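A short write-up of the structure that comes next.
Positions are given from 1 along the sequence. Just so it is clear, the structure is predicted and the values come from calculations on it, not from any experiment.
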Amino acid sequence: MYGNDIYLDRFNSLETAALFVDLGVYDAAFLSLRDDSVADYLKERCYVSQEQIDDLQCALNPLFCTDHTPKQSCVA
């Protein structure tokens with residue numbers, strides 16, 4: 001919870017993750033950085049491209065550190 005906003009760490013299904021993207025709660029590229037299964041699902045449904053995911057990863061890593069965003073399962 002941040003301020004008056006509540007953010008989920010996990011979704012009960014891939015469809016729920018896509019719903020939150022549809023509602024504008026989460027960015028598809030951001031969710032894709034965190035979980036490969038979510039990335040695959042969102043790419044299959046044209047919510048996000050691999051190029052968009054790579055661009056976000058580069059933007060979050062301006063010094064080109066070897067440590068990437070840690071992966072975790074977003075689907076419970």
Side-chain angles (χ1 to χ4, degrees):
M1 182 178 205
Y2 300 97
N4 292 331
D5 298 324
I6 297 174
Y7 295 96
L8 302 174
D9 287 327
R10 294 179 183 256
F11 302 100
N12 62 352
S13 68
L14 294 170
E15 292 82 7
T16 304
L19 174 64
F20 276 82
V21 171
D22 285 338
L23 294 173
V25 176
Y26 287 99
D27 178 72
F30 179 76
L31 282 181
S32 297
L33 283 179
R34 299 178 63 206
D35 186 326
D36 290 334
S37 66
V38 172
D40 293 340
Y41 183 82
L42 295 177
K43 285 188 292 187
E44 285 175 10
R45 281 148 186 84
C46 300
Y47 281 91
V48 67
S49 68
Q50 186 61 49
E51 183 179 353
Q52 290 170 306
I53 297 168
D54 293 342
D55 287 348
L56 179 59
Q57 180 65 51
C58 288
L60 294 173
N61 189 12
L63 300 176
F64 302 104
C65 298
T66 56
D67 295 335
H68 291 284
T69 305
K71 301 284 183 176
Q72 66 180 24
S73 176
C74 292
V75 179

(message) Quick check for you: to the nearest 0.5 Å, what is the distance between D55 atom CG and Q50 atom CD?
(response) 10.0 Å
(message) For the CG atom of L60 and the CG atom of L33, what is their distance to the nearest 0.5 Å?
(response) 6.5 Å
(request) Taking the side chain as every heavy atom from C-beta outward, state whether L19 and V25 have any atom pair closer than 4.5 Å. (result) no
(request) Would you name the heavy atoms of Q52 and A29 that are closest together and state the gap between them? (result) O-CB, 4.2 Å
(request) Mind listing the closest non-hydrogen atom pair of L14 and S37 along with its distance? (result) CD2-O, 4.0 Å
(request) Identify the heavy atoms of A28 and Y47 that sit nearest to each other, and give their distance. (result) CB-O, 3.9 Å
(request) Kindly assign one of parallel, tilted or perpendicular to the pair F11 and Y26, based on the angle between their ring planes and the thresholds 30° and 60°. (result) perpendicular
(message) Could you check whether any side-chain N or O of T16 sits under 3.5 Å from a backbone N or O of N12, counting only pairs where one atom can act as donor and the other as acceptor?
(response) no
(message) Which heavy atom of A39 sits nearest to which heavy atom of I53, and what is that distance?
(response) CB-CD1, 4.3 Å
(message) What's the separation between atom OG in S13 and atom OH in Y41, rounded to the nearest 0.5 Å?
(response) 7.0 Å
(request) Please name the residue in the list L56, D40, V48 that meets the side chain to side chain contact (heavy atoms under 4.5 Å, CB included) test with S32. (result) V48
(message) So L31 and V21, do their side chains get closer than 4.5 Å, heavy atoms only?
(response) yes
